[in-house]
Amino acid sequence: MDIDVLLQKTLQEGVEQLFGFTPGEAMLQLQQTRKEFEGDLTLVVFPMVKSARKSPAEVASALGTYLGAHAPEVAGFNVVNGFLNITLHDSIWLDLLRQAVEDENYGMKSTEDNAEVVMIEYSSPNTNKPLHLGHIRNNLLGFSLAEIMKGNGRKVVKTNIVNDRGIHICKSMVAWQQWGNGETPDNTGIKGDHLVGDFYVMFDKHYKEEVAALVEGGMTQEEAENQAPSLLAARELLRKWEAHDEETVALWKMMNGWVYRGFDATYRELGVDFDKIYYESETYLMGRNEVLRGLREGIFYRRDDGSVWADLTAEGLDHKVLLRSDGTSVYMTQDIGTAKMRFDDYPIGKMIYVVGNEQNYHFQVLSLLLDKLGYRWGRELYHFSYGMVELPSGKMKSREGTVVDADDLIADMVNVARKMGQELGKMEDMEAEEADKTYKMIALGALKYFILKVDPKKNMTFNPEESIDFNGNTGPFIQYTHARIMSVLRKARETGISFSPTFPQAMPLEAKEKEILKTISEYPAVVEEAAASYSPALLANYCYEIAREFNQFYHDHSILNEPDARKRNFRLVLSECVVKIMRSGMGMLGIEMPDRM
RNA sequence: GCCCUGGUAGCUCAAUUGGAUAGAGCAACGGCCUUCUAAGCCGUAGGUUAUGGGUUCGAUCCCCGUCCAGGGUACCA
């Protein structure tokens, strides 16, 4: 905020004049005054007490007096325990509101032609099972991060790397071949990704039975696990796939096709999308080539068994395998290929990987390997490492059936939203179609906010027994505040009340009004900080804050029934500004705002 | 074993990056709809910030020890 800089300058002069030394930046940090104290901005004077050789109270009041005399914006000050609380003239806040209203994209930065291109990889599913709650967190974070980067003037390319090849999909294929009875999404009515997931589970069940039977027959556990017929069949399919066996590839394509249609439906429900999708089946060979090039150039080395390794001991890490002894590639190999392909395809300034924190080590290694291979961008890649979603009982485990399915969860949320909406009976005169749209908006608002309000770095807990709240610090609370304001603005229009951001010089502000104005003034800094610290949570918490403040104001003061026309005008402008900010902020979280609810 | 994370109200989460009396919501209890949407507002209660030390004007935040939880350390992804 400009006013910060202005006051800082005056404060610096003050310190020089009063105490005879030049204070460093760190000494003059202004912060928002806490609500329980009077004032708008606060200077902590402790850091300069020593140099000034005065008591904290003396330093504070001397500086306060100096400000009063030299900064016309300052209306007054008070000193509490070495904290200098500065009060600004109300006109400063009104000016600020006018600026916020007049700026169509208040808080956002426009995208220049030469803006940095940021590529964000997120979602990145395996094609052998449907998306679950963990993927939801990933998708929401990735999408929101992309919106936040756009809001900060970057060019963004959203990308997805689909892990469409490997032993996992072959397992589903084996199960379908042997026990599938020709089932398809069409003839069963089961969503494709779920159907393929069912076959994956079916494979596992048979596999375990086979292993048990083999152990019964005298084999050791390890032998049995390696020789179970199902597993041998899956490996055989993988081998055939890599050898481009026609029938295998056709089956692989068919089943992956089912999965993609399923994923697309889930993505559509979640409201996330991608500008460019990569498939590992199309990138892993390039990764292999890069590794072989590294081998030729002496960056990597080959062991006697034929496997290829990178020695990272000089970097404080270990040795890392890059090609198996049978020549097939591992996850890391594929990621190298994908990275190269992307940098060939786009003028990427910054590459962000939205991937869980369990892969911290993987990305540390990937970064080093790309660097060794001669790509300057290797070191600069950013692993957006987010925490896991846990159940009250601990981690979600697919084999224990505790995984929270994405589609089920969304459907449940919509049902809860509909039930609650019908109980409240507020949308009875709404068209059925529009009501449905609104219920969905609310359901997704609740889900998305629930997940995004948490610091991405931290693990979070989700309790499937209790449905996500719609009251309090929630998405629907903010949506509701928006709908309320829209209702007021609608009524104003209907009754022919117009309003504009011109305010009288001296108009006393109510405390709640001023709180909202202060919060409005913080918005640009929050948008910036959300990008700088990669945190949608900052925006989420900000939106809650401004909604809560507005509700308090709304409760205490009437807008349309305010007799003083100038005040009524101001309140309408204020309300509209809050709407604009909520749409903008929540929009960057991927949450839509209903006009009525 | 070694390397990362994390531990804040009964529960889910904050805390302006070292600042004032650690804040919200849920759950509990009590109030507020003849007035712009009560999915709201107000109040009560709830804390030795896991624990023991250290650094300083000041520590939830930085350093060291201990306990607990999670993750990583695969020719898995």
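In what follows, chains are A, B, ... by sequence order, proteins preceding strands, each numbered from 1.
- In this model, the phosphate group of B:rU5 is not approached by any side-chain N or O of A:N360 to a distance below 4.0 Å at OP1 or OP2.
- For A:D469 against B:rA27, a side-chain-to-base donor-acceptor contact under 3.5 Å is absent.
- Note on A:R484: a side-chain N or O is less than 4.0 Å away from OP1 or OP2 of B:rA38.
- A close approach under 4.0 Å does occur between a side-chain nitrogen or oxygen of A:R324 and OP1 or OP2 of B:rA77.
- Here A:K50 reaches the OP1 or OP2 of B:rC57: one of its side-chain N or O atoms lies under 4.0 Å away.
- For B:rU37, the OP1/OP2 oxygens have a side-chain nitrogen or oxygen of A:S487 closer than 4.0 Å.
- Listed pair A:K458 / B:rA14 meets the phosphate criterion, a side-chain N or O lying under 4.0 Å from OP1 or OP2.
- In this model, a donor atom of one side chain and an acceptor atom of the other lie less than 3.5 Å apart for A:T328 and A:R324.
- With centres under 5.5 Å and a plane angle under 30° as the test, the ring of A:F46 is not stacked against the base of B:rG58.
- Residue A:Q552 places at least one side-chain N or O closer than 4.0 Å to OP1 or OP2 of B:rC42.
- At the heavy-atom level, A:I485 lies nowhere under 4.0 Å from the strands shown.
- In this model, the phosphate group of B:rA20 is not approached by any side-chain N or O of A:K35 to a distance below 4.0 Å at OP1 or OP2.
- Under the 3.5 Å distance criterion, with hydrogens and angles disregarded, no donor-acceptor pair is assigned to the side chains of A:E529 and A:Y542.
- At distances below 3.5 Å, not a single donor-acceptor pair connects side-chain atoms of A:D193 with backbone N or O atoms of A:K129.
- If you check the side chains of A:D40 and A:T33, you find no donor sitting under 3.5 Å from an acceptor.
- No aromatic stack links A:Y544 and the base of B:rA24, using centre distance under 5.5 Å and interplanar angle under 30°.
- Put simply, A:Y480 does not rest on the base of B:rG40: the two rings are not both less than 5.5 Å apart at their centres and under 30° in tilt.
- In this structure B:rU60 sits in the anti conformation; its chi angle is more than 90° from 0.
- Classified by its glycosidic torsion, B:rC26 falls in the anti category, the angle being over 90° from 0.
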